[in-house]
Student: 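Dropping a structure here in structure tokens format, bear with me for questions.
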Amino acid sequence: MGSMEVAGRPMAERADDRDGLRLDVLHVPLGPILPDWPCGLILRVALQGDVVQSAEVDQVRHSGAAVPFWNEPWIRAAGGEAVPRDVAARRRCAAHLDSLARFLSVVGWRDTGARARRLRDDVLAGTSEDRFPADVHELVRRVERSRTLRRLTAGLGLLPASGAHRHGVTGPALGADGDAYDRMRVWLVEISQCAEAFGDTRAIAHDDVLGPRGRVDGERPPSAALLDVLPELLTGAEFAAARITVASLDPDLDELSAVPAHGGAHG
């Protein structure tokens with residue numbers, strides 16, 4: 001019925017779906033406030049049934065900190081400051097635990113996600129390196145050994161390294177060279193490695209510019225590339241799979257707000 005409205009809301013239109021059938025098209029905004037959703041992200045998707053036909057990425061405008069919190073140690077080091085490896089390891093570990101918590105919660109593992117959040121808080125609070133590695137390794141083993149988790153997330157949001165390079169993606173999403181499950185496994189590996197570096201007082205190198213989501217020395221922040229790749233990964237995905245794909249990339253929109261020149265919608 002085209003532009004007809006009911007109770008002030010537009011009705012669904014009809015269009016050919018990917019199988020050539022005529023189905024209702026529902027235009028739905030996702031975000032910026034959803035449980036376990038990247039803060040400030042808005043996805044405008046066109047749904048036919050439970051399948052995403054198209055997606056556009058936008059963001060809520062706000063004034064962020066001068067330096068994004070998760071990238072701070074590497075930006076300080078690039079500026080010539082002596083930043084201890086312990087500080088960088090804790091920040092990377094906490095960032096990945098934060099992302100892992102959202103990912104697990106979206107998949108339905110809320111208790112394990114809550115545990116990841118508690119460990120994240122412990123890392124940021126400076127928990128003793130004598131106790132923490134054992135706790136983190138136990139969490140990593142539990143997640144790695146779950147066949148159910150692999151079955152729920154394998155094959156979703158496939159992003160080969162070639163596609164990541166094309167969009168300028170760096171960091172875990174590039175190194176994973178695969179799907180949502182592969183990206184989650186990169187977080188697990190880096191979480192374990194970071195836990196072993198707690199207490200290391202040596203300074204990180206000034207040319208160490210690889211933050212939790214990618215290189216922080218480029219013309220664009222790493223999360224900008226993660227936003228750019230989203231429409232391609234989401235088109236054709238089932239709605240539930242789309243949420244898992246977003247969680248497996250977990251872009252940090254504070255990176256864009258901290259660099260006004262990189263603001264603007266992506267799609």
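Just the heavy atoms: all of them, side chains too, but no hydrogens, waters or symmetry mates, feed the values below.
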Student: To the nearest 0.5 Å, what is the distance between CG on Leu119 and CG on Leu124?
Tutor: 11.0 Å
Student: For Ala101 versus Gly113, what's the shortest heavy-atom pair and its separation?
Tutor: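 Closest pair (atom of Ala101, atom of Gly113, distance): CB-O, 3.4 Å.
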Student: Within the structure provided, determine whether Glu56 and Leu43 are in side-chain contact (heavy-atom separation under 4.5 Å).
Tutor: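 A side-chain contact under 4.5 Å is absent here.
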Student: Please report the shortest heavy-atom distance between Val136 and Ala195, naming the atom on each side.
Tutor: CG1-CB, 3.8 Å
Student: So with a 6.0 Å cut-off around CZ of Arg117, is the heavy-atom count from everything else above 12?
Tutor: yes
Student: What I want to check is whether the side chains of Asp24 and Gln48 have a donor and an acceptor closer together than 3.5 Å.
Tutor: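 Per modelled atom types, Asp24 and Gln48 side chains form no pair under 3.5 Å.
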Student: Which residues end up grouped with Ile42 if you chain together Ile, Leu, Val, Met, Phe, Trp and Tyr wherever their side-chain heavy atoms are less than 4.5 Å apart?
Tutor: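 Ile42 shares its hydrophobic cluster with Val60.
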Student: Assess the residue pair Arg183 and Ser248 against the criterion (side-chain hydrogen bond (donor to acceptor under 3.5 Å, both in side chains)); give the C-alpha distance rounded to whole Å, side-chain angles, the decisive distance to 0.1 Å, and a yes or no.
Tutor: CA-CA 6 Å; Arg183 290 189 285 274; Ser248 73; 2.9 Å; yes
Student: If hydrophobic clusters are built by linking Ile, Leu, Val, Met, Phe, Trp and Tyr wherever their side-chain heavy atoms come under 4.5 Å apart, do Leu152 and Val140 end up in the same one?
Tutor: yes
Student: Could you give all pairs that pass the side chain to side chain donor-acceptor pair (under 3.5 Å) test and reach residues 145-162, with sequence neighbours left out?
Tutor: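 Sorted pair list comes back empty.
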Student: Is Leu149 reachable from Val186 through a run of I, L, V, M, F, W or Y residues, each pair having side-chain heavy atoms under 4.5 Å apart?
Tutor: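 No, no single cluster joins them.
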Student: If you measure from SG on Cys194 to CH2 on Trp187, what distance do you get to the nearest 0.5 Å?
Tutor: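 Interatomic distance, Cys194 SG to Trp187 CH2, rounded to 0.5 Å: 14.0 Å.
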Student: Got a salt bridge between Arg202 and Asp86, using NZ or NE/NH1/NH2 to carboxylate O under 4.0 Å?
Tutor: no
Student: Less than 4.0 Å between a side-chain N and a carboxylate O, is that true for Glu238 and Arg243?
Tutor: no
Student: Suppose we screen for side-chain hydrogen bond (donor to acceptor under 3.5 Å, both in side chains). Which residues come up paired with Asp250, at least two apart in sequence or across chains?
Tutor: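 side-chain hydrogen bond (donor to acceptor under 3.5 Å, both in side chains) list for Asp250, sorted by chain: Ser99, Arg102, Arg213.
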Student: Check Trp37 against Leu30 and note the closest heavy-atom contact, atom names and distance.
Tutor: CZ2-O, 3.7 Å
Student: Atom CD1 of Ile191 and atom NE2 of His96: how far apart are they, to the nearest 0.5 Å?
Tutor: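 These two atoms lie 7.0 Å from each other.
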Student: For side chain to side chain contact (heavy atoms under 4.5 Å, CB included), just list the numbers for Asp208 and Val83, CA-CA rounded to whole Å, side-chain angles, deciding distance to a tenth of an Å, and then say yes or no.
Tutor: CA-CA 11 Å; Asp208 182 352; Val83 179; over 6 Å; no
Student: What are the two closest non-hydrogen atoms of Ala224 and Leu256, and how far apart are they?
Tutor: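 For Ala224 versus Leu256, the nearest heavy atoms are N-CD1, 3.9 Å.
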Student: Determine yes or no for a side-chain-to-main-chain donor-acceptor pair under 3.5 angstrom, with Arg90 supplying the side chain and Val123 the backbone.
Tutor: yes
Student: By the side chain to side chain donor-acceptor pair (under 3.5 Å) test, which pairs, at least two apart or in different chains, include something from residues 163-181?
Tutor: Arg166-Glu232, His167-Glu232
Student: How long is the straight-line distance from CG of Asn71 back to CG of Asp254, given to the nearest 0.5 Å?
Tutor: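 Asp254 CG to Asn71 CG: 10.0 Å, rounded to 0.5 Å.
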Student: I need the Ile33 CD1 to Leu41 CG distance, nearest 0.5 Å.
Tutor: 12.5 Å
Student: If you group Ile, Leu, Val, Met, Phe, Trp and Tyr whenever their side-chain heavy atoms sit less than 4.5 Å apart, what else falls in with Leu210?
Tutor: none
Student: Does the side chain of Gln53 pick up a donor-acceptor pair with the side chain of His27 at under 3.5 Å?
Tutor: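 There is no such pair (donor and acceptor under 3.5 Å, judged by atom type) between the side chains of Gln53 and His27.
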Student: Run the side-chain hydrogen bond (donor to acceptor under 3.5 Å, both in side chains) test against Glu81 and tell me which residues pass, sequence neighbours left out.
Tutor: Arg76
